Amino acid sequence: MSARATTRRRHLGATMRKLRAQKGMTLEEAGQLVGISKATVSRYETQEGPVKWPIVDALCREYGVSEAERNAVVSLAKGARQQGWWNSFADSIPETMNLLLTLEDEAVREDHFNCLYVPGLLQTRAYTEAVQHASEMRLSPEEIERLVDIRMKRQDILTRAKPLHLWAILDESVIRRVVGSRSVMKDQLDHLLNANESPGITLQVLPFSRGAHSAAMGSFVILGGAEPSLDVVYVDIHAGSLFMEKTAELDRYRLAFDYLRAQALDMAASSALIERIHGEL
């Protein structure tokens with residue numbers, strides 16, 4: 001996936017294609033009505049490339065959509081190249097992280113399965129610092145602090161005006177692995193218990209006793225768009241990051257997550273297990 005093909009841009013392309021099809025127009029007919037080429041209309045219906053909102057507005061008028069729908073599509077076009085809060089960190093953010101932050105900012109939900117660490121959106125600052133020090137051995141303290149700041153800022157999506165819904169399934173190893181120190185880990189487990197009380201967060205633990213499970217491929221995230229066709233799977237690997245959006249790929253990970261939800265403890269039992277492990281610390 002290109003860093004330009006954000007969820008917002010993909011949504012705009014799919015919407016423009018649908019509106020023209022509903023009107024029964026060809027690409028050439030639509031272009032002639034607003035004075036642009038067939039190729040330009042086609043580009044506006046794809047996932048990538050810059051768009052000009054006045055052209056989107058003109059096309060919507062020719063397609064005869066309602067004023068409310070036209071305003072919504074134009075708003076989508078205006079925001080298709082919108083820069084996020086992370087732009088000020090651009091010099092220290094890899095391209096793959098820039099894409100993740102863009103997609104995450106536009107997502108309406110995230111489904112996580114984690115088998116190593118607590119998801120970044122649910123980490124305490126001290127836990128994040130310990131993770132970054134362990135995984136980024138060659139970075140300076142200042143660079144690590146910058147990465148920690150970015151991860152903490154990411155968590156704002158859980159408390160924004162329209163908060164993202166987070167569903168996290170944690171392998172039992174995640175809550176048993178002592179990251180940083182016992183004190184750091186106890187605070188992290190307290191944070192998870194509090195998070196599981198939030199209406200926008202669903203937290204489950206997959207205990208060792210459940211044996212083999214459907215995510216032998218490891219940790220993954222499904223970033224949910226405004227509609228299923230806009231979903232993206234994100235997998236963080238040692239050599240970089242993978243972003244998958246093909247139907248077969250999405251179906252495979254959705255099915256895996258469904259099985260994991262069924263195998264994991266429910267929310268109450270998950271909190272009880274976290275409390276027990278907290279007591280053992």
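Note that the structure is predicted; figures quoted are calculated from it, not measured.
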Looking only at atom types and distance, does a side-chain atom of [X] sit under 3.5 Å from a main-chain N or O of [Y], one as donor and one as acceptor?
| X | Y | value |
| --- | --- | --- |
| Gln188 | Leu122 | yes |
| Gln132 | Glu145 | no |
| Tyr127 | Val118 | yes |
| Gln263 | Leu206 | no |
| Gln155 | Gly120 | yes |
| Glu110 | Leu166 | no |
| Ser270 | Val205 | yes |
| Arg109 | His165 | no |
| Asp171 | Asn114 | no |
| Arg160 | Asp105 | yes |

Geometric class of the Phe257/Phe220 ring pair [parallel <30°, tilted 30-60°, perpendicular >60°]: perpendicular

Non-hydrogen atoms of His133 and Ile144 that approach each other most closely: ND1-CD1, 3.5 Å

Polar side chain donor-acceptor pair, Ser271 to Asn196, under 3.5 angstrom: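 Yes.
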
Is any NZ, NE, NH1 or NH2 atom of the basic residue among [X] and [Y] found under 4.0 Å from an Asp or Glu carboxylate oxygen of the other?
| X | Y | answer |
| --- | --- | --- |
| Glu280 | Lys186 | no |
| Glu142 | Arg146 | no |
| Asp251 | Arg254 | yes |

Within residues 211-225 or reaching into it, pairs that qualify as salt bridge (Lys or Arg N to Asp or Glu O under 4.0 Å) - sequence neighbours excluded: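 Checked against salt bridge (Lys or Arg N to Asp or Glu O under 4.0 Å) - neighbours excluded - no pair reaches residues 211-225.
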
Full working for side chain to side chain contact (heavy atoms under 4.5 Å, CB included) between Val179 and Val184: CA-CA 7 Å; Val179 174; Val184 168; 5.5 Å; no

Over 12 foreign heavy atoms within 6.0 Å of CD, Gln22: yes

Any residue meeting ring-ring contact (aromatic ring centres under 6.0 Å, His included) with Tyr117, in chain and number order, not counting sequence neighbours: none

Pairwise distance CH2(Trp167) to CE(Met267) - rounded to 0.5 angstrom: 8.0 Å

Partner of His213 by ring pair (Phe, Tyr, Trp, His ring centres under 6.0 Å), out of Tyr259, Phe208, Phe113: Phe113

Pairs flagged by side chain to side chain donor-acceptor pair (under 3.5 Å) wherever residues 63-74 is involved - sequence neighbours left out: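 Sorted pair list: Asp57-Arg70.
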
Note, Val73 side chain near Leu59 side chain (heavy atom, < 4.5 Å):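 No. Closest side-chain heavy atoms not under 4.5 Å.
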
